[in-house]
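Step one of this worksheet: look at the structure below.
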Amino acid sequence: MVHWVSDSEDSDKFEWDSDEEDAVSFNAAGSGSSALASTNIDAPGPSTRVANGNGKAGPSASAVQEYVDMGFPEEMVLKAMKDNGDNGADSLIELLLTYKAIGNDPSLENGSASHCDPQAAKDSDDDDNLENWDDDDAGGRNRGPTFDESDDEDFLHEMSQIDGKVDYLVKMGFPEDEVNMAVTRCGQDASISVLVDSIYASQTAGGCCGNSSDHEDNSYGGRKKGRPMEGNKRKRKRFGGQAQGSRGPLDGSDDESMRLPKPMVGFNLPNGLRSANRSLPGPAIGPPYFYYENVALAPKGVWTKISRFLFDIEPEFVDSKFFCAAARKRGYIHNLPLVTRSPLLPLPPKTIFEAFPRTKKWWPSWDPRRQFNCLQTCVASAKLTERIRLALTNSEDPPPVRVQKYVLEECRKWNLVWVGLNKVAPLEPDEMEFLLGFPKDHTRGISRTERYRSLGNSFQVDTVAYHLSVLKDMFPHGMNVLSLFSGIGGAEVALHRLGIRMNYVISVEKSEVNRTILKSWWDQTQTGKLIEISDVQTLTSEKIEAYIRRIGGFDLVIGGSPCNNLAGSNRHHRDGLEGEHSALFFHYFRILGDVKAIMARL
DNA sequence: AATACTCGGATAGACTTA
DNA sequence: TAAGTCTATCCGAGTATT
């Protein structure tokens, strides 16, 4: 049952104090590390720059002038060009508009050119002390070597160069001395990922491994066995500190793989009898709440590793087939309470026939499917459905087993539905919207291919909303949300459908069509303020702090990792959590750490 | 050993724009 | 008409399950 609490109640402060199971004050947890949080992570590490300077020239005078002519102050243009990197003109303009919208520009005195919408002006009670949240160009305009070259470098390499990586790990709850030892062992150049490996290796092995060369050979997966199992007393407790051995299949010793639960129902389900409880480790407890999603069937070791980074929280693996008519196996790592969950109403149909009754008429008795497989980003070609039609019309009824098998195989592979005699077809985009819990026509207006791609990458709204439903009563006055890799706004739609007001949403999404979709939905349904950012790299810790100061903090950091090369097909150049695609996860990690540290400090 | 499943990508051709 | 953009098609491999 959903609680529809009116927005008019009058308790002004955020209630972060502990649901019954997590009775640790976040302030206490966060203050220890906060002193370190303010070190300058922009400063290059000592002699560790990679020799990758791609001779990129700074912004040309004429290009700057072009945007100055459009009415943007020069300082703002220079800053935007720096932050934008190589992302092109559209992205640059968005950035400029974002700066303006949030009132970032120090030189924006007369309101004549202001894009500030009235809502934002009204909500902010501190207009006169707007942060110069990019005051680096106010001070020393040419900060020398950090200005240009590093923008394009892979994030991991960048992180390898900066002193701040130690701080990030400390911020996220790793013991400081162990982090420092890991740096000593692996060298200054080691990536964060390697450092975490090293910390765990020494915790379990007693620190006898010499300075390994792990970081050079990308060999995370190669260290499979031979780890002594003696627990170290200071080891970060696995999965929130429950007694090891009582975890069932998830306590898969210390090897790299994490077994998926069967059935994949998460910690609990609506109306389910399973009532789960868990205790979170202190550093994991908010603020903010966070919610991270990724494909469940990631390559070996990936989930173990992600979990290590995120406080060793046990992932909640859920198949959305328990929420709707399509399977979707995903893992979620979050620090939300579990006990007061409630599903979205009305409950969506859970079988194909309930969802699409008209298909029943044409559904052959030898097709046993009652639910869809995972909705993907690509759909079957017309040629395939025509081949199927021909194969069936050339057979008697029922067709021979060979034909049945072929047709069924293709139907399962491509999620085909029966729409006529011997006629199958892929799901329409609006049917996928429906299955995923989005409003009809949510993605309408872009090309068909792009709709499929965006939807295939999206959240299943009912599943996510079920997990987020606990927030409803905690935030009767609404929430501030940092939404990373937002896609078409699955998280936002879920919160909205839960009746949770969103005061501010800062959304990071690379794809322009996705940003357009989210913005358009937002303008139709929301009264809060949406700020869209195209490039996650521009969300520096300075900016995060400025946003936090401005809007009063984030209540939820939510994001799904774009899973390029992590799941499904084309895994041949996947790279787990070592290569360039993993940079996206580390952005999530970095930003969450920043938000936690800054909020604890302020 | 065979089978099922998977938040993808390079490419040629169709289409649109300058 | 050439160049750029979008679309449809084939093509895949790794992991888990049977």
Side-chain angles (χ1 to χ4, degrees), chain A residues 88 90 221 224 249 252 255-264 292-304 306 317-321 326-332 368-369 371-387 405-416 425-427 429 432-433 435-438 443 446-461 463-464 484-491 509-514 559-576 580-582 584-585 588:
Chain A
D90 288 347
K224 290 202 161 107
D255 66 6
E256 310 291 355
S257 66
M258 183 177 290
R259 300 191 71 112
L260 298 174
K262 272 172 45 176
M264 201 185 281
Y292 171 84
E293 181 250 24
N294 205 338
V295 292
L297 285 81
K300 276 185 175 173
V302 168
W303 270 110
T304 305
I306 289 174
F317 291 106
V318 187
D319 190 335
S320 290
K321 73 179 182 182
R328 201 168 195 77
K329 296 181 179 66
R330 297 291 181 270
Y332 308 88
R369 292 176 301 152
Q371 287 191 305
F372 294 110
N373 281 333
C374 185
L375 306 183
Q376 298 197 255
T377 56
C378 300
V379 292
S381 62
K383 288 201 167 169
L384 175 67
T385 55
E386 175 63 10
R387 276 201 296 271
K405 200 171 165 197
Y406 161 71
V407 172
L408 270 178
E409 194 179 306
E410 298 297 333
C411 283
R412 281 196 235 262
K413 186 172 178 179
W414 295 103
N415 275 326
L416 302 174
L427 289 164
M432 285 179 54
E433 286 169 354
L435 290 169
L436 291 170
F438 287 91
T443 59
I446 61 177
S447 85
R448 211 180 153 76
T449 318
E450 281 177 315
R451 288 181 80 178
Y452 283 125
R453 185 162 63 220
S454 293
L455 286 161
N457 285 324
S458 165
F459 282 159
Q460 206 287 326
V461 170
T463 309
V464 172
L484 303 176
F485 318 118
S486 309
I488 56 177
E509 169 55 38
K510 192 172 169 195
S511 152
E512 184 180 351
V513 291
N514 286 349
S561 245
C563 80
N564 287 2
N565 296 327
L566 270 188
S569 52
N570 202 20
R571 273 188 186 159
H572 42 289
H573 35 81
R574 87 190 144 83
D575 39 39
E580 57 173 348
H581 293 288
S582 66
L584 294 166
F585 168 75
Y588 183 94

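Within every chain, numbering begins at 1; the chains are lettered A, B, ... in the order of the sequence lines, protein sequences first and strands thereafter.
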Rounding to a whole Å, what distance do you find between Glu386(A):CD and dC10(C):P? 13 Å
When we call it a touch if two heavy atoms are under 4.0 Å apart, what does Ala327(A) touch: a base, just sugar-phosphate, or nothing? nothing
Please confirm whether the shortest side-chain N or O distance from Arg453(A) to OP1 or OP2 of dG8(B) is below 4.0 Å. no
Stem segments of DNA chain B by first residue number [Watson-Crick or G-U, under 3.5 Å, at least 3]: B:1-6 with C:13-18, B:8-18 with C:1-11
Ser454(A) side chain to Glu450(A) main-chain N or O, any donor-acceptor pair under 3.5 Å? yes
So, the side chain of Asn373(A) versus the backbone of Arg412(A): is there a donor-acceptor pair under 3.5 Å, distance only? yes
dA8(C) phosphate, OP1 or OP2, under 4.0 Å from Thr449(A) side-chain N/O: yes
Asn373(A) atom CG is separated from dC5(B) atom C1', nearest whole Å, by 7 Å
For the side chain of Lys262(A), counting heavy atoms from C-beta on, which of dC10(C), dC7(B), dT18(C) is nearest? dT18(C)
Provide, to the nearest angstrom, the distance between the CD atom belonging to Gln376(A) and the P atom belonging to dG9(B). 12 Å
Between P on dC7(B) and CD on Glu509(A), what's the gap in Å once rounded to a whole number? 18 Å
Where the side chain of Lys405(A) is concerned, which of dT3(B), dC5(B), dC7(B) is the nearest nucleotide? dT3(B)
So, Asn457(A) side chain and Thr377(A) main chain: donor-acceptor pair closer than 3.5 Å or not? no
Between Glu409(A) and Arg328(A), who's closer to the 5' end of DNA chain B by nearest nucleotide? Glu409(A)
Using the side chain to side chain donor-acceptor pair (under 3.5 Å) rule, take Arg451(A) and Thr443(A) through it: C-alpha gap first, then chi angles, then the decisive distance, then the call. CA-CA 6 Å; Arg451(A) 288 181 80 178; Thr443(A) 59; 2.9 Å; yes
The nucleotide from dA4(B), dC7(B), dG8(B) with an atom nearest the side chain of Val295(A) is dC7(B)
side-chain N/O Ser447(A) vs dT7(C) OP1/OP2, d < 4.0 Å: yes
Glu509(A) side chain to Ser511(A) backbone, donor-acceptor under 3.5 Å: yes
In terms of the nearest nucleotide of DNA chain C, which residue is placed more toward the 5' end: Arg448(A) or Lys413(A)? Arg448(A)
Can you tell me how far P in dC7(B) sits from the matching atom in dT9(C), rounded to whole Å? 23 Å
Would the distance check show the side chain of Arg328(A) and the main-chain N or O of Ser458(A) forming a donor-acceptor pair, the cut-off being under 3.5 Å? yes
The nucleotide from dC10(C), dC7(B), dC5(B) with an atom nearest the side chain of Arg330(A) is dC7(B)
Hey, does the side chain of Asn415(A) come within less than 4.0 Å of dC5(B)'s phosphate (OP1/OP2), counting only N and O? no
Figure out the CZ/C1' separation between Arg451(A) and dA8(C), and round it to whole Å. 18 Å
May I ask you to say what Gln460(A) touches in the nucleic acid, namely base, sugar-phosphate or nothing, with a heavy-atom cut-off under 4.0 Å? nothing
Using the ring-ring contact (aromatic ring centres under 6.0 Å, His included) rule, take Phe585(A) and Tyr292(A) through it: C-alpha gap first, then chi angles, then the decisive distance, then the call. CA-CA 9 Å; Phe585(A) 168 75; Tyr292(A) 171 84; 5.3 Å; yes
Rounded to the nearest angstrom, tell me the gap between atom CH2 in Trp303(A) and atom P in dT15(C). 17 Å
Between CG of Leu260(A) and P of dC5(B) the distance, given in whole Å, is 16 Å
Less than 4.0 Å between a side-chain N and a carboxylate O, is that true for Arg387(A) and Glu410(A)? no
To the nearest angstrom, the CE-P distance between Met264(A) and dT15(C) comes to 16 Å
Between dG8(B) and Thr377(A), is there an OP1 or OP2 to side-chain N/O distance shorter than 4.0 Å? yes
